[in-house]
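Some notes on the structure that comes next.
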Amino acid sequence: MSTDHKHYLTLTIPFPSCREAEIAYKAISPDPELKPDQFTQQLRHGPAAGEGGRSGELVAEFAAASDRVLRVGVNGFMASLGVVVGCLAELDEI
């Protein structure tokens, strides 16, 4: 994350399995940021902490130059996440 950014947010999204977390990661991995001096997003996935490796999680870290830019970027991420979770629920019945 850039040191120029003054606003940060980390979200940890639980999934029933590592497989679903990986699918979500691949589906919403960001394209290169158009204005990295204003907003950056990093994703990672893996087993959920303390769950013995059965459940998974997606971790999204955001950094932005202003609170408004952070809000707009996170809103876009959440919209994409909603679509992915809806598809997973429909196809895998999670």
Side-chain angles (χ1 to χ4, degrees):
M1 298 281 164
S2 171
T3 57
D4 294 338
H5 297 148
K6 294 178 175 45
H7 302 274
Y8 299 92
L9 178 67
T10 300
L11 299 175
T12 302
I13 301 100
F15 284 88
S17 74
C18 288
R19 179 177 170 267
E20 281 94 358
E22 181 179 10
I23 290 168
Y25 170 81
K26 288 179 179 178
I28 54 180
S29 287
D31 293 328
E33 300 298 338
L34 296 176
K35 294 184 178 183
D37 59 321
Q38 294 292 309
F39 181 79
T40 59
Q41 171 183 323
Q42 294 180 343
L43 297 178
R44 65 181 187 276
H45 66 91
E51 295 292 325
R54 290 192 325 225
S55 62
E57 65 185 16
L58 178 67
V59 178
E61 296 176 324
F62 307 94
S66 72
D67 56 351
R68 180 180 177 276
V69 171
L70 181 63
R71 178 181 51 81
V72 169
V74 172
N75 282 344
F77 170 81
M78 294 302 288
S80 296
L81 180 63
V83 170
V84 170
V85 169
C87 289
L88 284 171
E90 188 71 26
L91 298 173
D92 288 343
E93 298 182 28
I94 63 169

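Start at 1 with the first residue, then count along the sequence. Side-chain atoms are counted along with the backbone in the values below, which use heavy atoms only and exclude waters and symmetry mates.
Under the rule for a side chain to side chain donor-acceptor pair (under 3.5 Å), Arg71 has no partner lying at least two apart in sequence or in another chain. When the side-chain contact (heavy atoms from CB on, under 4.5 Å) test is applied to Ser80, the partners found at least two apart in sequence or on another chain are Ile28. Applying the side-chain contact (heavy atoms from CB on, under 4.5 Å) rule to Val59 yields the partners Thr10, Thr12, Arg44, Glu57, Glu61; only residues at least two apart in sequence or on another chain are considered.
Rounded to the nearest 0.5 angstrom, Asp67 CG and Leu9 CG are separated by 12.0 Å. Residue Ser66 holds its OG atom at 9.5 Å from NE2 of His5, rounded to the nearest 0.5 Å. Here CG of Leu70 is found 10.5 Å from CD of Gln41. Values are rounded to the nearest 0.5 Å. Here the CZ-NE2 distance, from Arg68 to His7, works out to 12.5 Å after rounding to the nearest 0.5 Å. Taking CD1 of Ile23 as the reference point, atom CZ of Phe15 lies at 9.5 Å (rounded to 0.5 Å).
Cluster annotation: Leu11 is not connected to Val83 through the hydrophobic network of ILVMFWY side chains, with a link wherever side-chain heavy atoms come within less than 4.5 Å.
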Stepwise side chain to side chain contact (heavy atoms under 4.5 Å, CB included) check, Leu58 with Leu81
CA-CA 10 Å; Leu58 178 67; Leu81 180 63; 4.3 Å; yes
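The two residues Ser55 and Cys18 come nearest to each other via the heavy atoms O-SG, 3.7 Å.
Using a 4.5 Å heavy-atom cutoff, the side chains of Phe77 and Leu43 are in contact.
Using the six-membered ring where Trp is involved, Tyr25 and His45 have ring planes that are tilted, between 30° and 60° apart.
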